[in-house]
Amino acid sequence: QVQLVESGGGLVQPGGSLRLSCAASGSIINILNVGWYRQTPGKQRELVATITAFGSTNYADSVKGRFTISRDNAKNTVYLQMNSLKPEDSAVYYCNAAGGLHNIWGQGTQVTVSS
């Protein structure tokens with residue numbers, strides 16, 4: 001079974017940076033579309049950024065210019081570089097890989113932005 005594991009979350013001050021990783025148990029992630037989502041208690045999960053198998057990217061307006069999604073196919077990993085973090089970025093961040101019959105979710109990693 002293909003599994004995704006997120007890592008890199010933690011506590012940072014406003015204006016700080018974190019890099020999240022989404023590591024797959026196999027190379028299938030390299031031919032799938034990957035999205036980073038985030039969710040806070042009581043709120044709907046929202047899409048933050050996507051990267052296609054082809055490599056094209058899209059971002060939510062709230063993070064555009066601050067976050068960068070990328071992939072390293074040799075490591076079977078997708079990253080989310082988060083700069084200039086704001087308190088409203090605090091959430092559990094999830095990665096999702098989808099395409100064809102695949103729709104795979106990780107367990108999430110907590111990001112807290114606070115002074």
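The structure displayed is predicted, hence computed values, not measured ones.
Between the side chains of R19 and Y79, no donor-acceptor pair of N or O atoms lies under 3.5 Å. A side-chain donor-acceptor contact under 3.5 Å links S17 and N83.
Judged by distance alone, the side chain of T112 and the main-chain N or O of L11 form no donor-acceptor pair under 3.5 Å. At least one donor-acceptor pair closer than 3.5 Å links the side chain of T52 to the backbone N or O of F54. Panel note: side chain R71, backbone N76; no donor-acceptor pair is recorded below 3.5 Å.
Listed here is the closest heavy atom pair of V34 and A97: CG2-CB, 4.1 Å. Listed here is the closest heavy atom pair of S90 and T40: O-CG2, 3.1 Å. For the residue pair E6 and Q107, the shortest heavy atom distance occurs at OE1-N, 2.9 Å. A pairwise comparison of heavy atoms in S84 and D89 identifies O-OD2, 4.5 Å as the closest pair. Scanning all heavy atoms of the two residues, the minimum distance from A24 to L4 falls at CB-CD2, 3.7 Å. The two residues S62 and R38 have their closest heavy-atom pair at OG-NH2, 3.5 Å.
Outside the 6.0 Å centre-distance limit, the rings of W36 and F67 are not counted as a close aromatic pair.
Once rounded to the nearest 0.5 Å, the distance linking CH2 of W105 with SG of C95 reads 9.0 Å. Taken to the nearest 0.5 Å, the OG1 atom of T77 stands 7.0 Å off from the CD1 atom of I29.
Under the 4.5 Å side-chain heavy-atom criterion for grouping Ile, Leu, Val, Met, Phe, Trp and Tyr, V12 is connected to L20 within one hydrophobic cluster. I31 and I51 fall within a single hydrophobic cluster, where Ile, Leu, Val, Met, Phe, Trp and Tyr are joined by side-chain heavy atoms under 4.5 Å apart, directly or via other members. Each of V5 and V92 belongs to its own hydrophobic cluster when Ile, Leu, Val, Met, Phe, Trp and Tyr are linked at side-chain heavy-atom distances under 4.5 angstrom. Under the 4.5 Å side-chain heavy-atom criterion for grouping Ile, Leu, Val, Met, Phe, Trp and Tyr, V113 is connected to M82 within one hydrophobic cluster. Under the 4.5 Å side-chain heavy-atom criterion for Ile, Leu, Val, Met, Phe, Trp and Tyr, I69 and L32 are members of the same hydrophobic cluster.
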Applying side-chain contact (heavy atoms from CB on, under 4.5 Å), run through S25 and Q3 and close with a yes or a no. CA-CA 5 Å; S25 59; Q3 294 184 336; 4.2 Å; yes
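Here the side chains of V111 and L18 are in contact, with some heavy-atom distance below 4.5 Å. With a 4.5 Å cut-off on side-chain heavy atoms, P14 and P87 count as touching. A 4.5 Å side-chain heavy-atom check between Y59 and T68 finds at least one atom pair inside the cut-off. In this structure, N96 and N103 have side chains that are in contact, with non-hydrogen atoms separated by less than 4.5 Å.
Within 6.0 Å of the CD atom in E88, the count of heavy atoms belonging to other residues, nucleotides or ligands exceeds 12. Residue E46 places its CD atom among more than 12 non-hydrogen atoms of other residues, nucleotides or ligands, all under 6.0 Å distant.
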